Amino acid sequence: MQSDKSARIRGSGIREYDYLIVGGGAAGLSLAYHISREPRLAGKRVLLLEPEAKDQNDRTWSFWTNAPMPFDEIVAHEWQQLAFRSPEFEQVFPLSNYRYKMIRGLDFYRFVRAALADNPQFTWVQAKVKTLDNVAHRARARTTMGEFRAQYAFDSRPPIW
Ligand SMILES: Cc1cc2nc3c(=O)[nH]c(=O)nc-3n(C[C@H](O)[C@H](O)[C@H](O)COP(=O)(O)OP(=O)(O)OC[C@H]3O[C@@H](n4cnc5c(N)ncnc54)[C@H](O)[C@@H]3O)c2cc1C
């Protein structure tokens, strides 16, 4: 991962990328990881904008799957059977080829950071996006760390209710 100094600086001080990823949580980091693994996108310059350090285990994800996935090495636990218990009935069911897996948030954040660490395609800026809009056929993010533009923006900020 690069520091933002490597971005192309235009006369205006606006920093330009191919893709902006707004939010470095589950969706944003999954997208970044998959971009990093896609050879056809090897030349793309990607900026991740995330206000938090993501150094806390702020959540745990649990999910069903019947196939290997890229994040298997950070699975903290997986269940191969399901127990149903009630006062009248009790049975343990094998899950066949399905598994119920659990990943800790902090393990996921660290895993993706490590996977992107030596990849010069990616830049991480710790900043909060204040506005995201379109200007001159570019996506524009105004943030607490200045303005960034890109061909595409992928926004995973939680909705404001
Ligand atoms: C305690 C907890 C347990 C959960 N367990 C499960 C589970 O087991 N299974 C499941 O499917 N889901 C679970 N969820 C739901 C969970 O929110 C989603 O699974 C998942 O994290 C959503 O991914 P996301 O990328 O949309 O949001 P997040 O992972 O929340 O990522 C959004 C990111 O956007 C960033 N952001 C916010 N505002 C801005 C801004 N202005 N500018 C830039 N970045 C910004 C945030 O800091 C955050 O990092 C759980 C949630 C919580 C809180």
Side-chain angles (χ1 to χ4, degrees), residues 1-7 9 13-38 41 44-84 93 95-117 119 121-135 138-161:
M1 230 173 318
Q2 296 288 292
S3 88
D4 186 51
K5 287 185 208 127
S6 67
I9 312 281
I14 297 165
R15 287 150 287 183
E16 294 266 358
Y17 293 84
D18 294 302
Y19 304 146
L20 294 182
I21 298 180
V22 178
L29 293 183
S30 298
L31 177 63
Y33 181 82
H34 286 287
I35 290 173
S36 77
R37 292 296 180 270
E38 173 50 61
L41 301 179
K44 300 296 183 188
R45 303 181 72 256
V46 184
L47 175 66
L48 264 156
L49 293 165
E50 165 59 49
E52 296 180 10
K54 306 302 273 186
D55 57 0
Q56 304 295 315
N57 190 44
D58 56 4
R59 67 197 64 187
T60 295
W61 293 288
S62 298
F63 51 93
W64 296 97
T65 179
N66 64 351
M69 51 144 204
F71 309 115
D72 273 335
E73 71 179 80
I74 51 164
V75 168
H77 195 68
E78 68 175 64
W79 289 263
Q80 301 180 15
Q81 52 187 25
L82 176 73
F84 183 88
F93 300 91
L95 291 174
S96 182
N97 58 334
Y98 279 88
R99 296 288 178 272
Y100 190 59
K101 297 186 177 180
M102 184 185 90
I103 289 179
R104 294 194 177 94
L106 183 57
D107 293 338
F108 177 72
Y109 307 142
R110 285 178 173 160
F111 177 84
V112 177
R113 267 184 190 270
L116 304 183
N119 188 332
Q121 267 185 280
F122 290 86
T123 302
W124 185 304
V125 171
Q126 194 169 345
K128 181 173 184 172
V129 172
K130 295 190 276 193
T131 61
L132 184 63
D133 57 9
N134 291 308
V135 63
R138 309 286 287 169
R140 174 179 65 177
R142 287 178 161 146
T143 83
T144 48
M145 295 295 285
E147 187 172 316
F148 303 89
R149 293 190 190 182
Q151 193 177 3
Y152 295 103
F154 301 91
D155 185 8
S156 64
R157 286 171 297 171
I160 298 166
W161 303 104

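Atoms within each ligand, like the ligands themselves, are counted from 1 in listed order. On a predicted model such as this, the values are computed, not experimentally measured, just so you know.
- The two residues Leu48 and Gly28 come nearest to each other via the heavy atoms CD2-O, 4.4 Å.
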Item to check | Verdict with reasoning, Gln121 to Arg45, per side-chain contact (heavy atoms from CB on, under 4.5 Å) | outcome: CA-CA 5 Å; Gln121 267 185 280; Arg45 303 181 72 256; over 6 Å; no
Distance-only donor-acceptor pairs under 3.5 Å for side chains of residues 103-110, two or more places apart:
| from | atom 1 | to | atom 2 | distance (Å) |
| --- | --- | --- | --- | --- |
| Tyr109 | OH | Asp58 | OD1 | 2.7 |
| Tyr109 | OH | Asp58 | OD2 | 3.3 |

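- Taking the six-membered ring for Trp and thresholds of 30 and 60 degrees, His34 and Phe71 have ring planes more than 60 degrees apart, a perpendicular arrangement.
- Closest of all the heavy-atom pairs between Met102 and Thr60 is CG-CG2, 3.3 Å.
- Closest approach of Ile35 to Phe122, counting heavy atoms only: CG2-CZ, 3.9 Å.
- Closer than 4.0 angstrom to ligand 1 lie heavy atoms from Val22, Gly23, Gly24, Gly25, Ala26, Ala27, Leu49, Glu50, Pro51, Glu52, Lys54, Asp58, Arg59, Thr60, Trp61, Ser62, Lys128, Val129, Ser156, Arg157, Pro158.
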